[in-house]
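Values below: all heavy atoms of this structure, side chains included; hydrogens, waters and symmetry mates excluded.
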Amino acid sequence: MKFGIDRLLEERALAKPLAGRRVALLAHPASVTQDLVHSLDALAAAGVKLSAAFGPQHGLRGDKQDNMVESPDFTDPVHGIPVFSLYGAVRKPTDRMLERFDVLLVDLQDLGCRVYTFLTTLRYVLEAAAQHGKSVWVLDRPNPIGRPVEGLKLRPGWESFVGAGELPMRHGLTLGEAGKWFVRTLKLDVEYEVVPMKGWKAGAGWPLGERAWVNPSPNAPNVSMARCYPGTVMLEGTTLSEGRGTTRPLELFGAPDLDMNGVIGKMKTLAPRWLEGCALRLCGFEPTFHKHAGKLCAGLQIHVEGRQYGHEAFRPWRLMALAFKAIRSLSPDYALWRDFPYEYETRLAIDVINGGTLLRQWVDDPAARPADLDAAARADEAAWGEERKAVLLY
């Protein structure tokens, strides 16, 4: 199979419209060819006239470990072009940055989750390009978790850097398709192109055995993390550790003061079907940094590989919602929600992540049942399934 970057480099007809135009690249560490050459280097070697580069959250080369750690602008030491940070002093390209190019190539490996900020960065560059008469091309890559849709849609007024628009938590689009959706729904007058993949099996997600996985961000070390992320990202809005500071970030969770035997038992009682498609294993872990650093946490690891994994059955957003509900049921006064500045927002982080207050209110309401949340999510999932048909490429 071929990703968009590989096709652009190999098929001369695709790159012909770039001739004589100043080209910028928005990329990160996973922006590599099939031979694992970084796209910036590969494009330069192919004779593309590069005039600038841009780095999203965590940087062009992946230099920043955690959220809310900004990257500076710099000059690329090899190619001698300016590299502008879109997660630093600004998150939207400025007029000065836009003056540097005619066409922006976007080559970002996404995770298929609304909260992953590369989606928002794509929206911002499309809006800026529309305002300044620039072109945007997405060199498409797989959605590593495939087509399944899950979760509540973001509510109006809850847009943020982790909420690019009214999509569900797990949207099932590639970045190229998401760009089409932004252009369509925001009514953007912009020259937008997608260099599509060849041979991608959309239903399967990441092409295991065909392409090497490169971390698109420091805590996305493997496909298992990507599969869990639409659920485990909600842990960032809680006092529970999401496994940062361990070798399995965002695949496990826990805290020093939890009875995980009791939690998993309560989860099975409340909504056993929400545990399907994976295996949960009791574990202990000690984060080396971040929440509960240096403390032994009682935890659960979510296993989503081998015979335990069911691609269609696994519903990570419901799974983590159920874990929160179990904790609240067992310990009504547990300090579950973490109140801190989150991705430049002062609203409660769990609500920013979920694009509204519904999930938190469901967790905290003793009378609310799993069927209540399921019904709300199913309505959003069905509506999105119809809406996205207009932009699907595969």
Side-chain angles (χ1 to χ4, degrees), residues 2-56 59-61 73-86 90 92-110 118 121-141 174-184 186-198 391 393:
K2 301 288 185 184
F3 291 178
I5 181 63
D6 303 310
R7 292 194 62 208
L8 186 71
L9 292 168
E10 295 174 7
E11 301 176 35
R12 292 185 178 181
L14 289 176
K16 190 173 182 180
L18 297 178
R21 304 173 81 181
R22 298 171 303 155
V23 178
L25 175 69
L26 169 56
H28 60 181
S31 307
V32 295
T33 69
Q34 58 192 339
D35 297 321
L36 300 180
V37 177
H38 195 275
S39 298
L40 187 69
D41 303 322
L43 289 166
V48 175
K49 186 180 179 181
L50 291 167
S51 58
F54 291 83
L60 176 71
R61 302 288 184 178
D73 296 345
F74 65 97
T75 299
D76 186 88
V78 175
H79 306 291
I81 58 174
V83 177
F84 299 113
S85 172
L86 295 180
V90 299
K92 300 179 181 181
T94 65
D95 293 352
R96 180 177 66 89
M97 297 173 183
L98 289 157
E99 290 171 356
R100 297 288 309 192
F101 66 88
D102 304 309
V103 182
L104 176 65
L105 304 181
V106 179
D107 187 23
L108 297 173
Q109 179 58 60
D110 193 44
F118 305 145
T121 296
L122 175 62
R123 172 181 174 162
Y124 289 171
V125 299
L126 283 168
E127 290 175 324
Q131 293 169 1
H132 292 80
K134 305 296 181 177
S135 302
V136 176
W137 292 20
V138 170
L139 312 181
D140 218 5
R141 291 177 172 271
T174 68
L175 209 62
E177 293 168 338
K180 287 185 64 179
W181 183 79
F182 285 132
V183 171
R184 181 186 179 93
L186 300 174
K187 297 180 173 57
L188 299 177
D189 182 12
V190 61
E191 181 185 308
Y192 177 69
E193 301 287 343
V194 179
V195 179
M197 295 174 281
K198 272 187 177 179
V391 300
L393 295 170

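Distance check: Asp189 CG to Lys187 NZ gives 13.0 Å after rounding to the nearest 0.5 Å. Atom CD in Gln34 sits 9.0 Å away from atom CG in Leu9 (nearest 0.5 Å). Distance CG/Leu25 to CG/Leu104: 7.5 Å, rounded to 0.5 Å. To the nearest 0.5 Å, the span separating CZ on Phe74 from CG on Leu60 amounts to 5.0 Å. Atoms CG and NE2, from Leu98 and His132 in turn, are 5.0 Å apart once rounded to the nearest 0.5 Å.
The minimum heavy-atom distance linking Val136 with Val106 is given by the pair CG1-CG2, 3.9 Å. Shown here for Tyr192 and Gly176, the closest heavy-atom pair between the two residues is OH-O, 2.7 Å. Taking each heavy atom of Leu188 and Leu126 in turn, the nearest pair found is CD1-CB, 3.8 Å. The two atoms that bring Pro56 and Ala27 nearest to each other are CD-O, 3.0 Å, heavy atoms only. Nearest heavy-atom pair across Val90 and Thr94 is CG1-CG2, 3.9 Å. What you find for Trp137 and Val195 is that their closest heavy atoms are CE3-CG2, 4.2 Å.
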Identify all side-chain donor-acceptor contacts of residues 42-54 below 3.5 Å with residues at least two apart in sequence or on another chain.
residue : atom : partner : partner atom : Å
Ser51   : OG   : Val23   : O            : 3.4
Ser51   : OG   : Arg100  : O            : 2.5

Inset, instruction - Evaluate the criterion side chain to side chain contact (heavy atoms under 4.5 Å, CB included) for residue pair Arg123 and Leu186; output intermediate values, then yes/no. - result: CA-CA 9 Å; Arg123 172 181 174 162; Leu186 300 174; 3.6 Å; yes
Inset, instruction - Apply the test side chain to side chain contact (heavy atoms under 4.5 Å, CB included) to residues Ser39 and Leu139: give CA-CA distance (whole Å), side-chain angles for both, the deciding distance (0.1 Å), then the verdict. - result: CA-CA 10 Å; Ser39 298; Leu139 312 181; 5.9 Å; no
Inset, instruction - Begin from the C-alpha positions of Leu8 and Leu105 and carry the test side chain to side chain contact (heavy atoms under 4.5 Å, CB included) through to its verdict. - result: CA-CA 11 Å; Leu8 186 71; Leu105 304 181; 4.0 Å; yes
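With a 4.5 Å cut-off on side-chain heavy atoms, Arg7 and Pro196 count as touching. Between Leu393 and Lys180 the shortest side-chain heavy-atom distance falls below 4.5 Å. Under the 4.5 Å side-chain criterion, counting only non-hydrogen atoms from C-beta, Met197 is in contact with Thr174. Two residues are said to be in side-chain contact when any heavy atoms from C-beta on lie closer than 4.5 Å; Ile81 and Leu40 meet this criterion. When side chains are defined from C-beta on, Leu86 counts as touching Met97, because their heavy atoms get closer than 4.5 Å. Contact annotation: the side chain of Val138 never approaches that of Glu177 to less than 4.5 Å [non-hydrogen atoms, C-beta and beyond]. Residues His38 and Ser31 have side chains in contact (heavy-atom distance under 4.5 Å, counting atoms from C-beta outward).
Judged by distance alone, with hydrogens and angles left aside, the side-chain atoms of His28 form no donor-acceptor pair with the main-chain N or O of Leu108 at under 3.5 Å. Side-chain atoms of Lys134 come within 3.5 Å of backbone atoms of Phe101 as a donor-acceptor pair (strictly under, hydrogens ignored).
Asp110 is linked by a side chain to side chain donor-acceptor pair (under 3.5 Å) to nothing, counting only residues two or more places apart in sequence or in another chain. For Phe3, the ring-ring contact (aromatic ring centres under 6.0 Å, His included) test picks out Trp206, with sequence neighbours left out. For Glu99, the salt bridge (Lys or Arg N to Asp or Glu O under 4.0 Å) test picks out no residue, with sequence neighbours left out. Listed by chain and residue number, Glu10 satisfy the salt bridge (Lys or Arg N to Asp or Glu O under 4.0 Å) test with Lys2 (two or more places apart in sequence, or in another chain).
Judged as a salt bridge (Lys or Arg N to Asp or Glu O under 4.0 Å), the pairs with a partner in residues 20-45 (not counting sequence neighbours) are, in order, Arg21-Glu191, Arg22-Asp102, Asp41-Arg61.
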